[in-house]
Structures are given as C-alpha cells and as structure tokens.
Amino acid sequence: MDLDLTPKLAKRVYGGDGGSYFSWSPSELPMLREGNIGAAKLALEKNGFALPRYSDSHKVAYVLQGNGVAGIVLPESEEKVIAIKKGDAMALPFGTVTWWFNNEDTELVVLFMGDTSKAHKTGDFTDFFLTGTNGLMTGFSTEFVCRAWDLDEKVVKSLVTTQTGSGIVKLGDNFKMPEPKKEHRNGLALNCEEAPLDIDIKNGGRVVVLNTKNLPLVGEVGLGADLVRIDGGSMCSPGFSCDSALQVTYIIRGSGRVEVVGADGKRILETTLKAGCLFIVPRFCVVSKIASPDGMEWFSIITTPNPIFTNLAGKTGVWKALSPQVLQASFNVSPEIEKAFSSKRMNDAVFFPPPN
C-alpha cells in the first residue's frame, strides 16, 4: 500500500471574531479521498454563531469541548433546539440544516466526520449556507426572492445585504437565542461520556459504542462511532474490521503509539499519536495502540452503522479459537511453545493493562 497514512492536524479554512472552521484536506491525508471520508472542526468563541447551513454529506458530530446550543432541522421537520456539551454525539443525515451557538466563556469545539461518497468533492465536505455573503439567498435575483416569499423589494434587499459575515459571526452580548428544550434531545443526541459502557476493563480501558440501538439516526447516515479511553501504558488489542469498514480516528486527549499492518505482513504505519491528530485505518488492516503514561482518548467513526471487529489477542481473539495442532503447524513450533502462546491473555478481550 503506497498511500500516506501519517496522522495529520486540521488546518484553518475560514473564521473571524466569532470562531473558526478547520478541516483535513485529502491532498494531505490521501486516505480521506480513498475512503470517501470527510473530517472538519468548528471552534466557536463566546457569542460565536455558526450560520445555518446544510451539507452534501452524512455526518456524525461530536462535541470535543465546551457547552453551547445547536439548532437541528431534519428534512420536513420542525426546528429542534438542544443544549450541547462535551461528549455529545449527533448523527446528521443528508439535508439536515444546523446552526451552532456558544453562550459560554469556554471555546465550543465540535468535530464532524462523515461519508463523502455522494459529495461534490471526494474527501471534502461542502456546506451550503442559507445566509451571509456566501449564502444561497444572495445568489437569487431580487425578483425571484420577492415572488418566492411574497415580499417587497425593500425588505428583500435588507434580508440579502444586511448580514455582512460569512459562515461564522459574533453576536452581541444582549442578543437572545432560542432556549433549548430538554425533550428535543430525545433521539438526536447521546452523551458518550455519560452513556452505559459497552466495554470496561479495570486498569485497561473503556468503550461506548454509538449504534442504531442508542442513537437510531446513525442507521440513516450509515455510520457507527465509538468513544475509547485507555489508561496510561495500556494496550488496545490488535484487531481489524471484518465487514470491510474503514475506521477514522481523532485523538481527543493524551498520546501514544500506533502500528498498522496490512497485506503481505507489511507494517504500513508506525508512529506516535497526539491530541488533535486524525488518522485512518484502511479496510481489513490490523491496528493496535499503546497509550503513553498519561493515557489516551479517541473518537472514531466506522463506515457501517453496526460494526463488527475481530481481535487477534485476548480471550475472544481468533488465535484463542484455533486448535493447538493448527497453531503448531501454522507457526512451525513445538507443543511447548504453542502452549506458552495460547495460555496468555486469557481474560482481557480488548485492552491489556500495562505489565507489572
């Protein structure tokens, strides 16, 4: 495999006083184009308002930092206004209009990852803004806007020209945005830091999986996701997606080492991961990570709503399932060596705590 798998940091695309929008470019991370995946981050300062927009891609949004308010309008549905905070995940299907607002002093940062297979540009999100200098309203003639909304020309000119910002603007301190409603969160958002753990291994790691059971909309976007936190020095068992899914991983906190092995037994990636990096594991390749002493946390999307993984090590690992004779013949080793190999890692299926 000749593709460059080196983890990359996002680069700023646009912004101003209200905040900034960052993205990962497929020219720098070729696996984005190869896997039809897009990735971006929205960072809003206090009173920062990300203008209403929709995208050409299915997405999963994950709040990396801060608190704020989001407006979500699913196709042919009413606006839902929800309070969002660190750890919240949302599935955003095609045609969903969203806006984002930060009413706190702490910066609000939202990660977006999704499927660009039907996008204008493979590996890139294209957002269509409803308002602003690059908004859709500015593209129509005054006549068309007047007739579509039954407005006079003076009102139309004000609507189209008064907003001089684009993408992200900063609102005044006294401007009142809609109040979020608790019931609007139902079915739209799941807090991965508060959800029941799917995997919990003492001194090893913890996982929350986002799937069609706890957030049904992921079925509509065709993506699954998970939040993984491993303790200092712990190892994530070598494994691979056995349903041809790609895994796109963003490092939220901490650092560690990663190795990826592909076809012909070749190590195609060996590097250090750090917070803010994005990297992609190609289909069927085996990946394993070891956290630094400060531990490591990451959020991943998987290009199927209900992913299936096979581990090579641990109690449920594939080597544990094979008979002793097959292991002896496969490795060409003695029964004693086979026994020493197969008797290890009996308890932990996914994460291995650091050696004593």
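Atom set for the values below is all heavy atoms of this structure, side chains included, hydrogens, waters and symmetry mates excluded.
No more than 12 heavy atoms of other residues, nucleotides or ligands shown are found within 6.0 angstrom of CD on Glu78. Remark: Phe140 CZ is loosely packed, at most 12 non-hydrogen atoms of other residues, nucleotides or ligands lying under 6.0 Å away. Environment of CG in Asn186: crowded, with over 12 heavy atoms of neighbouring residues, nucleotides or ligands closer than 6.0 Å. Within 6.0 Å of the CZ atom in Phe144, the count of heavy atoms belonging to other residues, nucleotides or ligands does not exceed 12. Counting non-hydrogen atoms of other residues, nucleotides and ligands closer than 6.0 Å to CG of Asp17 gives a total of 12 or fewer.
A donor-acceptor pair under 3.5 Å is absent between the side-chain atoms of Asp124 and the main chain of Lys121, judged by distance alone. With hydrogens and angles ignored, the 3.5 Å screen pairs no side-chain donor or acceptor of Arg253 with any backbone N or O of Ile251. Of the possible donor and acceptor atoms, none in the side chain of Glu297 sits under 3.5 Å from a partner among the backbone N and O of Gly254. A donor-acceptor pair under 3.5 Å links the side-chain atoms of Asn102 to the main chain of Leu44, judged by distance alone. Using modelled atom types, no side-chain atom of Arg229 and backbone atom of Trp298 make a donor-acceptor pair closer than 3.5 Å. With hydrogens and angles ignored, the 3.5 Å screen pairs no side-chain donor or acceptor of Asn36 with any backbone N or O of Asp115. The backbone N or O of Lys274 sits nowhere less than 3.5 Å from a side-chain atom of Ser255 that would complete a donor-acceptor pair. Looking at Ser330, its side chain does come within 3.5 Å of a backbone N or O of Val326 through a donor-acceptor pair. Between the Thr138 side chain and the Asn134 main chain, no donor and acceptor come within less than 3.5 Å of each other. Formation of a donor-acceptor pair under 3.5 Å by the Trp99 side chain with backbone atoms of Ile72 is not found in this model.
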Item to check | ring pair (Phe, Tyr, Trp, His ring centres under 6.0 Å) evaluation trace for Phe94 with Tyr54 | outcome: CA-CA 8 Å; Phe94 279 131; Tyr54 63 90; over 10 Å; no
Go through the steps for Met31 and Leu246 under the test side chain to side chain contact (heavy atoms under 4.5 Å, CB included), then give the verdict. CA-CA 10 Å; Met31 274 302 298; Leu246 282 165; 3.8 Å; yes
Q: Start with the C-alpha distance between Lys80 and Arg185, add both sets of side-chain angles, then the distance that settles side chain to side chain contact (heavy atoms under 4.5 Å, CB included), and finish with yes or no.
A: CA-CA 8 Å; Lys80 300 290 181 69; Arg185 280 181 60 92; over 6 Å; no
Requested in this report: Begin with the C-alpha distance, continue with both residues' side-chain angles, and end with the deciding distance and a verdict on side chain to side chain contact (heavy atoms under 4.5 Å, CB included) for Leu278 and Val248.
Outcome: CA-CA 7 Å; Leu278 185 86; Val248 187; 3.9 Å; yes
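No side-chain donor from either of Ser57 and Thr116 sits under 3.5 Å from a side-chain acceptor of the other. For the residue pair Glu336 / Ser334, a side-chain donor-acceptor distance below 3.5 Å is found, with atom types taken as modelled. Arg33 and Thr122 are not linked by any side-chain donor-acceptor pair at a separation below 3.5 angstrom, with hydrogens and angles left out of the test.
Taking CD1 from Ile280 and CD from Gln247, the interatomic distance works out to 10.5 Å, rounded to the nearest 0.5 Å. Atoms NE2 and CD, on His184 and Glu79 in that order, are 8.5 Å from each other to the nearest 0.5 Å. Rounded to the nearest 0.5 Å, atoms SG (Cys146) and NZ (Lys154) are 13.5 Å apart. Taken to the nearest 0.5 Å, the CG atom of Leu32 stands 11.0 Å off from the NZ atom of Lys8. Taken to the nearest 0.5 Å, the OG atom of Ser23 stands 11.0 Å off from the NZ atom of Lys41. In this structure, NE2 in His58 is found 7.0 Å from CD in Glu220, a value given to the nearest 0.5 Å.
For Arg267 and Glu270, the salt-bridge test passes: some basic side-chain N is under 4.0 Å from an acidic carboxylate O. Here Asp231 pairs with Arg206 in a salt bridge; the nearest charged N to carboxylate O distance falls below 4.0 Å. The pair Glu194-Lys86 does not count as a salt bridge, with every side-chain nitrogen at least 4.0 angstrom from each carboxylate oxygen. Contact check on Asp127 versus Lys59 returns a salt bridge, with a Lys/Arg side-chain nitrogen under 4.0 Å from an Asp/Glu carboxylate oxygen. Using a 4.0 Å cut-off between charged side-chain N and carboxylate O, Lys289 and Glu259 make no salt bridge.
Linking ILVMFWY residues whenever their side-chain heavy atoms come closer than 4.5 Å, directly or via other members, places Val81 and Phe49 in the same cluster. Side-chain heavy atoms closer than 4.5 Å link hydrophobic residues (I, L, V, M, F, W, Y) into clusters, and following such links, possibly through other members, connects Leu42 to Val13. Under the 4.5 Å side-chain heavy-atom criterion for ILVMFWY residues, a single connected hydrophobic cluster contains both Leu29 and Met113. Linking ILVMFWY side-chain heavy atoms closer than 4.5 Å, directly or via other members, places Leu108 and Tyr62 in two distinct hydrophobic clusters.
Looking at every heavy atom in both residues, Ser288 comes nearest to Cys236 through OG-O, 2.6 Å. The two residues Asn214 and Val209 have their closest heavy-atom pair at ND2-O, 2.7 Å. Summarising the geometry of Thr106 relative to Gly66, their closest heavy-atom pair is CG2-CA, 4.4 Å, with the distance given to 0.1 Å. Across every non-hydrogen atom of Asp88 and Asn191, the tightest pair is OD1-ND2, 2.9 Å.
Remark: aromatic rings of Phe128 and His120 are close, center separation under 6.0 Å. Centroid-to-centroid, the aromatic rings of Phe299 and Tyr250 stay 6.0 Å apart or farther.
With Tyr21 as the partner, the ring-ring contact (aromatic ring centres under 6.0 Å, His included) test is satisfied by one option alone out of Tyr14, Trp100, Phe129, Phe112: Tyr14. Exactly one of Leu210, Ile302, Leu223 qualifies for a side chain to side chain contact (heavy atoms under 4.5 Å, CB included) with Val218. That residue is Leu210.
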